[in-house]
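Read through the structure below, which is laid out as C-alpha coordinates, and then see the notes.
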Amino acid sequence: MQLQSRSYDAPDMAQAIELCYARGWTDGLPVIPPTADRIESMLAAAGLAPDKQVAFIENRQVSVTAEKIAINAVLAGCKPEYMPVIVAAVEALGDPLYGYHGPATSTGGSAVFMVVNGPIARELEMNSGDNLFGPGWRPNATIGRAVRLIMRNTIGTLPGELDRSSLGHPGKYTFCIAENEAESPWPPLHVDRGFRREQNAVTIMAALGPHQFSNGLSSTPEGVLTTACAQMRVSAGTARQPFYALVFAGEHMTVMKKAGWTRDQVKDYCFENTKISVAELKRIKLKDGAFAAEDEKTLVPLVHSPQDFLVIAAGGAAGVQSAYIPGWGSRTGSQSVTKEIRRP
Amino acid sequence: MTVQIYDPTIEAKGRRINYAPRPKSLEGLRVGLVDNSKFNSDQLLTRIAAILEKDYGAKAHIMRRKRSAGVPPHQEIVDEFKSGCDVVVAGIGD
(Lines give C-alpha, C1' and ligand atoms only; values in the text may rest on other atoms or scores of the structure.)
Protein backbone atom coordinates (compact mmCIF):
# COMPACT_ATOMS: atom_id res chain seq x y z
CA MET A 1 0.00 0.00 0.00
CA GLN A 2 1.61 3.24 -1.15
CA LEU A 3 0.76 6.31 0.94
CA GLN A 4 1.04 9.62 -0.89
CA SER A 5 1.09 12.04 2.03
CA ARG A 6 4.18 13.83 3.21
CA SER A 7 5.82 12.23 6.22
CA TYR A 8 7.89 13.47 9.14
CA ASP A 9 10.21 11.72 11.57
CA ALA A 10 10.13 12.10 15.34
CA PRO A 11 12.66 10.55 17.74
CA ASP A 12 10.00 8.75 19.81
CA MET A 13 6.24 8.46 20.37
CA ALA A 14 6.01 11.28 22.91
CA GLN A 15 7.79 13.67 20.56
CA ALA A 16 5.64 12.48 17.68
CA ILE A 17 2.58 13.68 19.64
CA GLU A 18 4.30 17.03 20.21
CA LEU A 19 5.12 17.23 16.50
CA CYS A 20 1.39 16.83 15.72
CA TYR A 21 0.71 19.79 18.02
CA ALA A 22 3.52 21.83 16.46
CA ARG A 23 2.17 21.26 12.95
CA GLY A 24 -1.33 22.34 14.00
CA TRP A 25 -3.04 18.99 13.45
CA THR A 26 -4.95 18.71 16.71
CA ASP A 27 -8.13 20.13 18.22
CA GLY A 28 -6.18 20.97 21.36
CA LEU A 29 -6.31 17.48 22.84
CA PRO A 30 -3.50 14.96 22.34
CA VAL A 31 -3.65 12.76 19.25
CA ILE A 32 -2.40 9.31 18.28
CA PRO A 33 0.59 9.66 15.90
CA PRO A 34 -0.51 8.51 12.42
CA THR A 35 2.04 5.85 11.49
CA ALA A 36 1.89 3.83 8.28
CA ASP A 37 0.70 0.60 9.93
CA ARG A 38 -2.14 2.38 11.74
CA ILE A 39 -3.22 4.23 8.59
CA GLU A 40 -3.12 1.03 6.54
CA SER A 41 -5.28 -0.78 9.12
CA MET A 42 -7.89 1.97 8.78
CA LEU A 43 -7.90 1.74 4.99
CA ALA A 44 -8.14 -2.05 5.09
CA ALA A 45 -11.13 -1.90 7.46
CA ALA A 46 -12.99 0.26 4.94
CA GLY A 47 -11.71 -1.70 1.93
CA LEU A 48 -10.53 1.50 0.27
CA ALA A 49 -7.41 2.34 -1.73
CA PRO A 50 -5.52 5.36 -0.38
CA ASP A 51 -6.22 7.47 -3.49
CA LYS A 52 -9.96 6.79 -3.53
CA GLN A 53 -11.82 10.13 -3.51
CA VAL A 54 -14.60 9.96 -0.93
CA ALA A 55 -15.85 13.54 -1.23
CA PHE A 56 -15.16 16.67 -3.21
CA ILE A 57 -15.88 19.91 -1.39
CA GLU A 58 -16.91 22.21 -4.22
CA ASN A 59 -16.48 25.60 -2.55
CA ARG A 60 -13.02 24.73 -1.29
CA GLN A 61 -12.00 22.70 -4.36
CA VAL A 62 -10.76 20.03 -1.96
CA SER A 63 -10.69 16.34 -2.77
CA VAL A 64 -10.96 14.26 0.41
CA THR A 65 -9.26 10.92 -0.18
CA ALA A 66 -9.49 7.72 1.85
CA GLU A 67 -5.86 8.22 2.87
CA LYS A 68 -6.54 11.60 4.48
CA ILE A 69 -9.62 10.21 6.21
CA ALA A 70 -7.56 7.32 7.56
CA ILE A 71 -4.79 9.60 8.84
CA ASN A 72 -7.28 11.78 10.69
CA ALA A 73 -9.10 8.72 12.06
CA VAL A 74 -5.81 7.55 13.56
CA LEU A 75 -5.16 11.02 15.01
CA ALA A 76 -8.63 10.99 16.59
CA GLY A 77 -8.05 7.65 18.35
CA CYS A 78 -10.43 5.53 16.27
CA LYS A 79 -10.32 1.76 16.01
CA PRO A 80 -10.08 0.54 12.40
CA GLU A 81 -13.63 -0.84 12.50
CA TYR A 82 -14.97 2.71 12.98
CA MET A 83 -13.56 3.76 9.61
CA PRO A 84 -16.65 2.91 7.45
CA VAL A 85 -18.80 5.19 9.63
CA ILE A 86 -16.38 8.08 9.15
CA VAL A 87 -16.22 7.47 5.40
CA ALA A 88 -20.03 7.64 5.15
CA ALA A 89 -20.09 10.84 7.23
CA VAL A 90 -17.51 12.44 4.92
CA GLU A 91 -19.61 11.41 1.90
CA ALA A 92 -22.48 13.24 3.58
CA LEU A 93 -20.32 16.34 4.15
CA GLY A 94 -19.64 16.41 0.40
CA ASP A 95 -23.31 16.16 -0.55
CA PRO A 96 -24.43 19.45 -2.15
CA LEU A 97 -27.59 19.31 0.00
CA TYR A 98 -25.42 19.62 3.10
CA GLY A 99 -23.72 22.65 1.54
CA TYR A 100 -20.44 22.28 3.43
CA HIS A 101 -19.16 25.83 3.10
CA GLY A 102 -22.05 27.58 4.89
CA PRO A 103 -22.28 25.66 8.16
CA ALA A 104 -18.52 25.06 8.36
CA THR A 105 -17.62 28.72 7.93
CA SER A 106 -20.50 30.67 9.42
CA THR A 107 -20.28 32.89 12.48
CA GLY A 108 -23.40 30.92 13.51
CA GLY A 109 -21.09 28.28 14.95
CA SER A 110 -22.71 24.96 14.08
CA ALA A 111 -21.20 21.52 14.59
CA VAL A 112 -21.84 18.31 12.67
CA PHE A 113 -24.44 16.34 14.63
CA MET A 114 -24.18 12.65 13.66
CA VAL A 115 -26.70 9.88 14.34
CA VAL A 116 -25.63 6.30 13.59
CA ASN A 117 -28.27 3.68 12.86
CA GLY A 118 -28.29 0.00 12.04
CA PRO A 119 -26.57 -3.11 13.43
CA ILE A 120 -23.13 -1.47 13.24
CA ALA A 121 -24.01 0.84 16.11
CA ARG A 122 -24.46 -2.15 18.44
CA GLU A 123 -21.42 -3.98 17.05
CA LEU A 124 -19.21 -0.96 17.70
CA GLU A 125 -20.80 -0.55 21.15
CA MET A 126 -21.83 3.00 20.45
CA ASN A 127 -23.64 4.80 23.21
CA SER A 128 -27.35 5.50 22.75
CA GLY A 129 -28.14 5.75 26.46
CA ASP A 130 -26.87 7.38 29.66
CA ASN A 131 -24.86 10.60 29.30
CA LEU A 132 -25.75 10.61 25.62
CA PHE A 133 -23.97 13.83 24.68
CA GLY A 134 -21.27 13.43 27.32
CA PRO A 135 -17.94 11.63 27.47
CA GLY A 136 -17.17 8.00 28.10
CA TRP A 137 -17.60 5.98 24.90
CA ARG A 138 -14.72 5.57 22.49
CA PRO A 139 -16.72 5.25 19.23
CA ASN A 140 -18.95 8.26 19.99
CA ALA A 141 -15.97 10.33 21.10
CA THR A 142 -13.54 9.42 18.34
CA ILE A 143 -15.81 9.06 15.28
CA GLY A 144 -17.17 12.55 15.81
CA ARG A 145 -13.67 13.80 16.54
CA ALA A 146 -12.29 12.22 13.36
CA VAL A 147 -14.87 14.08 11.27
CA ARG A 148 -13.87 17.35 12.93
CA LEU A 149 -10.17 16.69 12.34
CA ILE A 150 -10.86 15.94 8.66
CA MET A 151 -12.72 19.26 8.45
CA ARG A 152 -9.83 21.04 10.15
CA ASN A 153 -6.82 19.38 8.62
CA THR A 154 -7.92 18.28 5.17
CA ILE A 155 -10.71 20.69 4.24
CA GLY A 156 -9.07 23.67 5.92
CA THR A 157 -11.82 24.56 8.39
CA LEU A 158 -9.47 26.23 10.84
CA PRO A 159 -10.84 28.34 13.70
CA GLY A 160 -10.32 32.02 12.96
CA GLU A 161 -9.64 31.34 9.29
CA LEU A 162 -12.28 29.39 7.36
CA ASP A 163 -14.19 28.59 10.54
CA ARG A 164 -15.43 31.98 11.72
CA SER A 165 -17.75 30.79 14.50
CA SER A 166 -18.34 33.58 16.98
CA LEU A 167 -18.83 31.09 19.81
CA GLY A 168 -18.95 27.55 18.48
CA HIS A 169 -19.95 24.95 21.07
CA PRO A 170 -18.52 21.82 22.71
CA GLY A 171 -20.10 19.63 20.02
CA LYS A 172 -17.37 20.88 17.73
CA TYR A 173 -15.00 18.46 19.45
CA THR A 174 -17.34 15.55 18.77
CA PHE A 175 -21.13 15.27 18.40
CA CYS A 176 -21.95 11.68 17.57
CA ILE A 177 -24.64 9.40 18.98
CA ALA A 178 -26.41 6.16 18.12
CA GLU A 179 -30.18 5.83 18.23
CA ASN A 180 -31.68 3.48 20.82
CA GLU A 181 -33.44 1.36 18.21
CA ALA A 182 -34.24 -1.47 20.65
CA GLU A 183 -36.41 0.67 22.92
CA SER A 184 -37.53 3.34 20.49
CA PRO A 185 -41.27 3.94 20.08
CA TRP A 186 -40.60 4.41 16.37
CA PRO A 187 -38.86 2.71 13.45
CA PRO A 188 -35.15 3.65 13.31
CA LEU A 189 -34.36 7.13 12.01
CA HIS A 190 -32.67 5.78 8.87
CA VAL A 191 -35.78 3.74 8.03
CA ASP A 192 -37.78 6.95 8.31
CA ARG A 193 -35.35 8.39 5.76
CA GLY A 194 -35.62 5.67 3.16
CA PHE A 195 -33.22 2.92 4.25
CA ARG A 196 -33.88 -0.66 5.30
CA ARG A 197 -33.67 -1.63 8.96
CA GLU A 198 -30.72 -3.98 8.40
CA GLN A 199 -28.71 -1.35 6.55
CA ASN A 200 -26.23 0.81 8.42
CA ALA A 201 -26.47 4.54 7.96
CA VAL A 202 -25.28 7.83 9.37
CA THR A 203 -27.32 11.03 9.37
CA ILE A 204 -25.59 14.39 9.65
CA MET A 205 -27.13 17.74 10.45
CA ALA A 206 -25.51 21.14 10.90
CA ALA A 207 -26.49 21.81 14.47
CA LEU A 208 -26.15 24.10 17.43
CA GLY A 209 -25.78 22.64 20.91
CA PRO A 210 -28.37 20.38 22.58
CA HIS A 211 -30.86 22.17 24.81
CA GLN A 212 -32.18 19.97 27.57
CA PHE A 213 -35.79 20.39 28.67
CA SER A 214 -37.35 18.77 31.67
CA ASN A 215 -40.92 17.64 32.20
CA GLY A 216 -41.68 15.35 35.14
CA LEU A 217 -45.34 16.30 35.43
CA SER A 218 -46.82 14.90 32.25
CA SER A 219 -47.74 11.36 31.32
CA THR A 220 -49.03 12.28 27.86
CA PRO A 221 -47.18 13.19 24.64
CA GLU A 222 -49.08 16.47 24.51
CA GLY A 223 -47.82 17.36 27.99
CA VAL A 224 -44.17 16.55 27.28
CA LEU A 225 -44.29 18.30 23.92
CA THR A 226 -45.97 21.38 25.39
CA THR A 227 -42.79 22.02 27.38
CA ALA A 228 -40.56 21.29 24.38
CA CYS A 229 -42.56 23.58 22.12
CA ALA A 230 -42.65 26.44 24.63
CA GLN A 231 -38.86 26.43 24.72
CA MET A 232 -38.34 25.91 21.00
CA ARG A 233 -40.81 28.65 20.05
CA VAL A 234 -38.45 31.44 21.12
CA SER A 235 -35.20 29.61 20.39
CA ALA A 236 -34.83 30.39 16.70
CA GLY A 237 -33.17 33.37 15.04
CA THR A 238 -34.60 36.16 12.91
CA ALA A 239 -35.15 33.91 9.93
CA ARG A 240 -36.53 31.13 12.14
CA GLN A 241 -34.61 27.85 12.04
CA PRO A 242 -34.43 25.41 9.14
CA PHE A 243 -34.40 22.17 11.17
CA TYR A 244 -34.71 20.89 14.71
CA ALA A 245 -33.62 17.52 16.05
CA LEU A 246 -35.71 16.25 18.96
CA VAL A 247 -34.03 13.64 21.12
CA PHE A 248 -36.36 11.79 23.49
CA ALA A 249 -34.75 9.95 26.38
CA GLY A 250 -36.05 7.02 28.46
CA GLU A 251 -39.08 8.22 30.38
CA HIS A 252 -40.36 10.47 27.60
CA MET A 253 -39.78 7.61 25.15
CA THR A 254 -42.05 5.48 27.33
CA VAL A 255 -44.72 8.18 27.36
CA MET A 256 -44.71 8.21 23.55
CA LYS A 257 -44.75 4.43 23.34
CA LYS A 258 -47.64 3.98 25.80
CA ALA A 259 -49.73 6.54 23.93
CA GLY A 260 -48.84 4.93 20.60
CA TRP A 261 -47.76 8.22 19.08
CA THR A 262 -46.06 7.97 15.70
CA ARG A 263 -43.12 10.10 14.61
CA ASP A 264 -45.41 12.03 12.31
CA GLN A 265 -47.76 12.83 15.18
CA VAL A 266 -44.82 14.23 17.14
CA LYS A 267 -43.70 16.28 14.15
CA ASP A 268 -47.19 17.59 13.41
CA TYR A 269 -47.80 18.51 17.05
CA CYS A 270 -44.49 20.34 17.27
CA PHE A 271 -45.07 22.11 13.98
CA GLU A 272 -48.45 23.44 15.10
CA ASN A 273 -47.41 24.31 18.63
CA THR A 274 -44.17 26.13 17.90
CA LYS A 275 -45.83 28.76 15.75
CA ILE A 276 -45.33 32.25 17.11
CA SER A 277 -47.12 35.51 16.41
CA VAL A 278 -45.45 38.31 14.49
CA ALA A 279 -46.25 40.54 17.45
CA GLU A 280 -44.28 38.32 19.84
CA LEU A 281 -41.35 38.17 17.41
CA LYS A 282 -41.32 41.95 17.36
CA ARG A 283 -41.58 42.16 21.16
CA ILE A 284 -38.56 39.92 21.64
CA LYS A 285 -36.66 41.74 18.87
CA LEU A 286 -36.46 38.87 16.42
CA LYS A 287 -38.34 40.88 13.83
CA ASP A 288 -38.14 44.56 13.06
CA GLY A 289 -40.79 47.01 11.96
CA ALA A 290 -43.70 48.85 13.56
CA PHE A 291 -46.47 46.88 15.26
CA ALA A 292 -49.50 46.32 13.02
CA ALA A 293 -53.02 45.40 14.08
CA GLU A 294 -52.87 41.93 12.51
CA ASP A 295 -49.50 41.03 14.13
CA GLU A 296 -51.11 39.30 17.13
CA LYS A 297 -53.03 36.95 14.87
CA THR A 298 -50.42 36.35 12.18
CA LEU A 299 -48.53 33.18 13.03
CA VAL A 300 -45.05 32.23 11.79
CA PRO A 301 -43.91 28.59 11.91
CA LEU A 302 -40.62 27.58 13.51
CA VAL A 303 -39.60 25.41 10.55
CA HIS A 304 -40.77 25.16 6.96
CA SER A 305 -42.70 21.89 7.36
CA PRO A 306 -43.33 19.16 9.98
CA GLN A 307 -40.75 16.99 8.21
CA ASP A 308 -38.07 19.46 9.25
CA PHE A 309 -38.16 17.97 12.75
CA LEU A 310 -35.81 14.99 13.13
CA VAL A 311 -37.32 12.80 15.85
CA ILE A 312 -34.77 10.56 17.57
CA ALA A 313 -34.97 8.08 20.47
CA ALA A 314 -31.84 8.09 22.64
CA GLY A 315 -30.62 8.94 26.13
CA GLY A 316 -30.65 7.43 29.60
CA ALA A 317 -33.52 5.25 30.80
CA ALA A 318 -33.99 7.22 34.02
CA GLY A 319 -34.96 10.86 34.22
CA VAL A 320 -37.49 13.23 32.74
CA GLN A 321 -35.12 15.01 30.39
CA SER A 322 -35.14 15.21 26.63
CA ALA A 323 -33.49 17.67 24.26
CA TYR A 324 -34.03 19.79 21.20
CA ILE A 325 -31.15 20.68 18.90
CA PRO A 326 -31.59 23.70 16.63
CA GLY A 327 -30.22 23.43 13.14
CA TRP A 328 -28.07 26.03 11.46
CA GLY A 329 -28.77 28.86 9.04
CA SER A 330 -31.31 28.58 6.28
CA ARG A 331 -33.05 25.68 4.60
CA THR A 332 -31.43 26.58 1.28
CA GLY A 333 -28.02 26.73 2.97
CA SER A 334 -27.81 23.27 4.53
CA GLN A 335 -30.02 20.22 4.89
CA SER A 336 -29.61 17.05 6.90
CA VAL A 337 -28.24 14.15 4.87
CA THR A 338 -28.26 10.37 5.45
CA LYS A 339 -25.69 8.04 3.83
CA GLU A 340 -25.33 4.30 3.91
CA ILE A 341 -22.34 2.94 5.83
CA ARG A 342 -20.69 0.37 3.58
CA ARG A 343 -18.31 -2.32 4.79
CA PRO A 344 -16.08 -4.47 2.59
CA MET B 1 13.22 4.41 17.82
CA THR B 2 12.29 6.89 15.11
CA VAL B 3 8.57 7.31 14.50
CA GLN B 4 7.46 8.23 10.98
CA ILE B 5 4.12 10.05 10.88
CA TYR B 6 1.97 11.09 7.93
CA ASP B 7 0.49 14.50 7.17
CA PRO B 8 -3.32 14.86 7.45
CA THR B 9 -3.40 18.17 5.57
CA ILE B 10 -3.68 18.54 1.82
CA GLU B 11 -0.74 19.52 -0.29
CA ALA B 12 -1.40 22.44 -2.65
CA LYS B 13 -1.35 21.29 -6.26
CA GLY B 14 -0.02 24.59 -7.60
CA ARG B 15 -3.06 25.32 -9.74
CA ARG B 16 -3.26 28.87 -11.11
CA ILE B 17 -6.50 30.80 -11.29
CA ASN B 18 -6.60 33.63 -13.79
CA TYR B 19 -8.44 36.70 -12.58
CA ALA B 20 -10.66 38.52 -15.04
CA PRO B 21 -8.86 41.63 -16.37
CA ARG B 22 -9.73 44.75 -14.38
CA PRO B 23 -11.29 47.64 -16.33
CA LYS B 24 -9.24 50.86 -16.26
CA SER B 25 -12.37 52.85 -15.55
CA LEU B 26 -16.01 52.17 -14.62
CA GLU B 27 -17.16 54.95 -16.98
CA GLY B 28 -20.25 53.76 -18.86
CA LEU B 29 -20.04 50.20 -17.50
CA ARG B 30 -22.92 48.12 -16.19
CA VAL B 31 -22.53 46.78 -12.63
CA GLY B 32 -23.90 43.50 -11.32
CA LEU B 33 -24.38 43.19 -7.56
CA VAL B 34 -24.58 39.80 -5.81
CA ASP B 35 -26.87 40.06 -2.80
CA ASN B 36 -25.84 37.14 -0.59
CA SER B 37 -29.11 37.32 1.41
CA LYS B 38 -27.51 38.53 4.62
CA PHE B 39 -29.52 41.03 6.69
CA ASN B 40 -29.24 44.54 5.14
CA SER B 41 -26.92 43.31 2.36
CA ASP B 42 -29.30 44.77 -0.25
CA GLN B 43 -29.19 48.18 1.43
CA LEU B 44 -25.39 48.18 1.57
CA LEU B 45 -25.11 47.12 -2.08
CA THR B 46 -27.61 49.78 -3.16
CA ARG B 47 -25.38 52.41 -1.54
CA ILE B 48 -22.31 50.93 -3.20
CA ALA B 49 -24.07 51.03 -6.56
CA ALA B 50 -24.98 54.69 -6.01
CA ILE B 51 -21.33 55.53 -5.29
CA LEU B 52 -20.11 53.62 -8.35
CA GLU B 53 -22.61 55.49 -10.53
CA LYS B 54 -22.23 58.97 -8.99
CA ASP B 55 -18.49 59.05 -8.36
CA TYR B 56 -17.12 56.60 -10.92
CA GLY B 57 -19.47 57.00 -13.87
CA ALA B 58 -20.98 53.49 -13.97
CA LYS B 59 -24.00 53.51 -16.25
CA ALA B 60 -26.44 51.15 -14.53
CA HIS B 61 -26.73 48.30 -12.09
CA ILE B 62 -28.72 45.17 -11.43
CA MET B 63 -28.87 43.31 -8.12
CA ARG B 64 -29.74 39.63 -7.78
CA ARG B 65 -30.11 37.59 -4.60
CA LYS B 66 -28.39 34.26 -3.98
CA ARG B 67 -30.44 31.44 -2.47
CA SER B 68 -28.22 31.39 0.59
CA ALA B 69 -25.03 33.08 1.77
CA GLY B 70 -23.23 29.74 1.91
CA VAL B 71 -23.74 28.67 -1.70
CA PRO B 72 -22.44 30.07 -5.00
CA PRO B 73 -24.83 32.19 -7.11
CA HIS B 74 -27.20 29.97 -9.07
CA GLN B 75 -26.78 29.63 -12.82
CA GLU B 76 -29.52 32.10 -13.79
CA ILE B 77 -27.68 34.86 -11.92
CA VAL B 78 -24.35 33.95 -13.53
CA ASP B 79 -25.93 33.89 -17.01
CA GLU B 80 -27.68 37.22 -16.50
CA PHE B 81 -24.53 38.91 -15.24
CA LYS B 82 -22.45 37.46 -18.07
CA SER B 83 -24.80 38.82 -20.69
CA GLY B 84 -25.83 42.08 -19.06
CA CYS B 85 -22.96 43.33 -16.89
CA ASP B 86 -19.36 44.45 -17.37
CA VAL B 87 -18.25 44.20 -13.73
CA VAL B 88 -19.63 42.40 -10.69
CA VAL B 89 -19.51 43.25 -7.00
CA ALA B 90 -19.64 40.26 -4.67
CA GLY B 91 -18.55 39.44 -1.14
CA ILE B 92 -20.53 40.76 1.80
CA GLY B 93 -19.68 39.64 5.32
CA ASP B 94 -21.63 39.91 8.55
Side-chain angles (χ1 to χ4, degrees), chain A residues 3-13 15-16 19-20 23-25 31 33-36 38-39 58-59 61-65 67-72 74-75 96 99-108 149-150 152-156 164 166 238-239 288 328-334, chain B residues 1-21 32-50 62-82 85 87-94:
Chain A
L3 301 177
Q4 298 297 318
S5 299
R6 244 186 254 125
S7 67
Y8 302 87
D9 289 334
D12 56 38
M13 207 48 89
Q15 292 192 62
L19 181 58
C20 293
R23 299 212 66 86
W25 298 344
V31 289
T35 53
R38 290 172 178 152
I39 297 163
E58 182 75 34
N59 280 61
Q61 294 289 296
V62 169
S63 170
V64 185
T65 62
E67 178 172 331
K68 294 299 181 186
I69 294 173
I71 296 172
N72 284 290
V74 173
L75 285 167
Y100 182 89
H101 179 67
T105 316
S106 169
T107 55
L149 290 176
I150 291 160
R152 173 193 176 89
N153 292 329
T154 307
I155 312 177
R164 300 308 301 264
S166 309
T238 49
D288 62 0
W328 167 88
S330 69
R331 204 168 191 284
T332 49
S334 180
Chain B
M1 194 184 75
T2 303
V3 179
Q4 186 183 24
I5 60 172
Y6 286 80
D7 192 328
T9 68
I10 49 166
E11 293 84 30
K13 290 280 185 353
R15 177 167 160 237
R16 287 189 72 84
I17 298 173
N18 293 319
Y19 288 101
L33 302 146
V34 183
D35 174 358
N36 71 357
S37 78
K38 291 266 180 181
F39 201 58
N40 285 337
S41 58
D42 52 344
Q43 293 190 36
L44 180 63
L45 287 166
T46 299
R47 289 191 191 188
I48 289 171
I62 56 171
M63 183 167 12
R64 294 291 178 264
R65 176 169 269 223
K66 294 203 300 181
R67 294 196 172 115
S68 158
V71 298
H74 43 283
Q75 196 58 42
E76 292 89 332
I77 296 182
V78 175
D79 292 343
E80 190 178 1
F81 281 2
K82 276 169 87 172
C85 299
V87 293
V88 174
V89 177
I92 306 294
D94 281 309

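Naming: A, B, ... by sequence-line order, numbering from 1 per chain. All of these numbers come straight from a predicted model, not from anything done at the bench.
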message: Show the nearest heavy-atom pair for residues B/Ser68 and A/Gly333, with the distance to one decimal.
response: OG-CA, 3.2 Å
query: So what's closer than 4.5 Å to chain B heavy atoms on A/Asp9: side chain, backbone, both or neither?
result: both
Selection from A/Gln61, A/Arg38, A/Glu58 maximising heavy-atom pairs under 4.5 Å formed with chain B: A/Gln61
task: Give the member of A/Gly102, A/Gly24, A/Pro34 that has the highest number of heavy-atom pairs under 4.5 Å with chain B.
output: A/Pro34
task: Drop me the distance from B/Asp7's CG to A/Glu67's CD, to the nearest 0.5 angstrom.
output: 10.0 Å
query: With only heavy atoms counted, which part of A/Pro11 is less than 4.5 Å from chain B, the side chain, the backbone, both or neither?
result: backbone
- line: In short, B/Val3 meets A/Asp12 closest at the heavy-atom pair CG2-C, 3.6 Å
Side-chain heavy atoms of B/Pro8 within contact of A/Leu75, under 4.5 Å: yes
field: Heavy-atom pair count under 4.5 Å with chain B, highest-scoring of A/Val64, A/Asn72, A/Leu149, A/Thr105
entry: A/Asn72
- line: With chain B, the option among A/Gln15, A/Gln4, A/Arg23, A/Met13 that has the most non-hydrogen atom pairs under 4.5 Å is A/Met13
- request: Indicate the atoms forming the closest heavy-atom contact of A/Ser5 with B/Tyr6, along with that distance.
  value: O-CD2, 3.6 Å
statement: When rounded to the nearest 0.5 Å, the distance separating CD of B/Gln4 from CG of A/Leu3 is 9.0 Å
